[in-house]
Amino acid sequence: DAMVIQNPRYQVTQFGKPVTLSCSQTLNHNVMYWYQQKSSQAPKLLFHYYDKDFNNEADTPDNFQSRRPNTSFCFLDIRSPGLGDAAMYLCATSRGGRQETQYFGPGTRLLVL
Amino acid sequence: GQSLEQPSEVTAVEGAIVQINCTYQTSGFYGLSWYQQHDGGAPTFLSYNALDGLEETGRFSSFLSRSDSYGYLLLQELQMKDSASYFCAGIGYQLIWGAGTKLIIKP
């Protein structure tokens with residue numbers, strides 16, 4: 001089945017220690033998104049790729065970076081995680097410009113010690 | 001500014017009908033999406049309205065009125081498994097999510 005896959009499902013890191021979260025998709029969608037979601041809040045869009053074009057949200061901290069080496073894979077790098085970065089990180093995809101229909105992966109829950 | 005407002009919590013009884021409202025203020029608006037998210041799970045796409053009127057998908061329907069900057073999600077024949085958070089998301093120059101409505105269903 002075509003899907004969005006995120007690894008790992010749970011990630012524990014230390015304060016200030018760089019961490020990378022992974023997302024892959026078999027849907028062959030050209031748009032990939034990274035969201036941060038904290039408890040009882042809406043998903044917060046961090047950035048998205050339209051093909052290779054990177055689009056950063058204005059309020060996304062510089063501490064967050066992303067890489068998309070090919071259509072199928074996208075990575076979220078947190079350079080120096082703080083306690084406030086503990087959250088669920090969701091990867092999503094959509095076909096073309098159809099932002100209205102996004103397919104989400106199961107998420108990676110990040111714990112910062 | 002751009003924003004979407006929806007009630008934080010709605011309570012309903014199993015088998016009943018419930019409506020979750022969403023009012024929006026977005027630049028370059030061209031549509032409203034709805035997502036369902038169970039606790040600990042990922043959002044799942046439910047419905048999308050680009051035009052005024054009602055879109056029906058099984059027990060779920062979504063409505064949009066552009067003139068009123070308003071939409072709603074209608075859930076019929078509620079089942080316990082429908083207990084979840086429901087998000088509206090406005091599609092325009094930016095993609096803006098509402099804060100979510102927690103739907104509590106009682107037997």
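Letters A, B, ... are given to chains in the order of the sequence lines, protein chains preceding strands, and every chain is numbered from 1.
- Interface residue Q37(A): only side-chain heavy atoms are found under 4.5 Å from chain B.
- Each of L4(B) and Y70(B) belongs to its own hydrophobic cluster when Ile, Leu, Val, Met, Phe, Trp and Tyr are linked at side-chain heavy-atom distances under 4.5 angstrom.
- For A89(B), no part lies near chain A; criterion is any non-hydrogen pair under 4.5 Å.
- Residue contact with chain B, scored on non-hydrogen atoms closer than 4.5 Å, is absent for Y103(A).
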Exercise. Let me see the working for F104(A) and Y35(B) under side-chain contact (heavy atoms from CB on, under 4.5 Å), right down to the final yes or no.
Key: CA-CA 11 Å; F104(A) 284 81; Y35(B) 288 82; 3.8 Å; yes
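- Remark: D52(B) pairs with no residue by the salt bridge (charged side-chain N to carboxylate O under 4.0 Å, His left out) rule, at least two apart or across chains.
- Counting heavy atoms from C-beta outward, F87(B) and P43(A) have side chains that approach closer than 4.5 Å.
- Y24(B) and F63(B) fall into different hydrophobic clusters, where Ile, Leu, Val, Met, Phe, Trp and Tyr residues are linked whenever their side-chain heavy atoms come under 4.5 Å apart, directly or through other members.
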Self-check item: Criterion side-chain contact (heavy atoms from CB on, under 4.5 Å) on L95(B) and Q102(A), from CA distance to verdict
Solution: CA-CA 11 Å; L95(B) 172 62; Q102(A) 296 186 25; 2.9 Å; yes
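- Nearest heavy atoms, S33(B) versus E100(A): OG-O, 2.7 Å.
- Distance check, rounded to the nearest 0.5 Å: CG of D39(B) to OG of S40(A) gives 8.0 Å.
- For P106(A), the part sitting under 4.5 Å from any heavy atom of chain B is the backbone (N, CA, C, O) and nothing else.
- Nearest heavy atoms, Q37(B) versus L90(A): NE2-CD1, 4.4 Å.
- Within 6.0 Å of atom CD in E5(B), 12 or fewer heavy atoms from other residues, nucleotides or ligands are found, so the atom counts as exposed in its surroundings.
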